[in-house]
Amino acid sequence: MPNVDPRVVRPVLLNTSGVASAVNELRQQKASSTAEMWRLLTERFVVDLDAAASLLPSVEPETQWLPARA
């Protein structure tokens, strides 16, 4: 979580449609990666993290398979 001033009022996004419109707007402005999108969302809005997680793709590590035994 970023260090934000609690006295500054930020817009509240509590449903998926509000988060979706904010994500679309941020994507058009300057967010180039998912990490950047998370940072901008949490800096500019009070956001429902579950709603944001349902919209933003998660970065899964590549599966590392062990060699087969002979």
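Trp38 places a side-chain heavy atom less than 4.5 Å from the side chain of Leu49. Contact annotation: the side chain of Leu40 never approaches that of Gln29 to less than 4.5 Å [non-hydrogen atoms, C-beta and beyond].
In this structure a side-chain-to-backbone donor-acceptor pair under 3.5 Å is present from Arg10 to Thr42.
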Tell me which donor-acceptor pairs under 3.5 Å the side chains of residues 14-22 have, and how far apart each pair is, sequence neighbours excluded?
| from | atom 1 | to | atom 2 | distance (Å) |
| --- | --- | --- | --- | --- |
| Asn15 | OD1 | Ser17 | OG | 3.3 |
| Asn15 | OD1 | Gly18 | N | 2.8 |
| Ser21 | OG | Ser17 | O | 3.4 |
| Ser21 | OG | Gly18 | O | 2.9 |

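With sequence neighbours left out, the side-chain contact (heavy atoms from CB on, under 4.5 Å) criterion links Asn24 to Gln28.
In the hydrophobic clustering of this structure, Leu55 groups with Leu13; members are Ile, Leu, Val, Met, Phe, Trp, Tyr whose side-chain heavy atoms approach within less than 4.5 Å, directly or through other members.
Across all their heavy atoms, Met37 and Val23 have their closest contact at CE-O, 3.6 Å.
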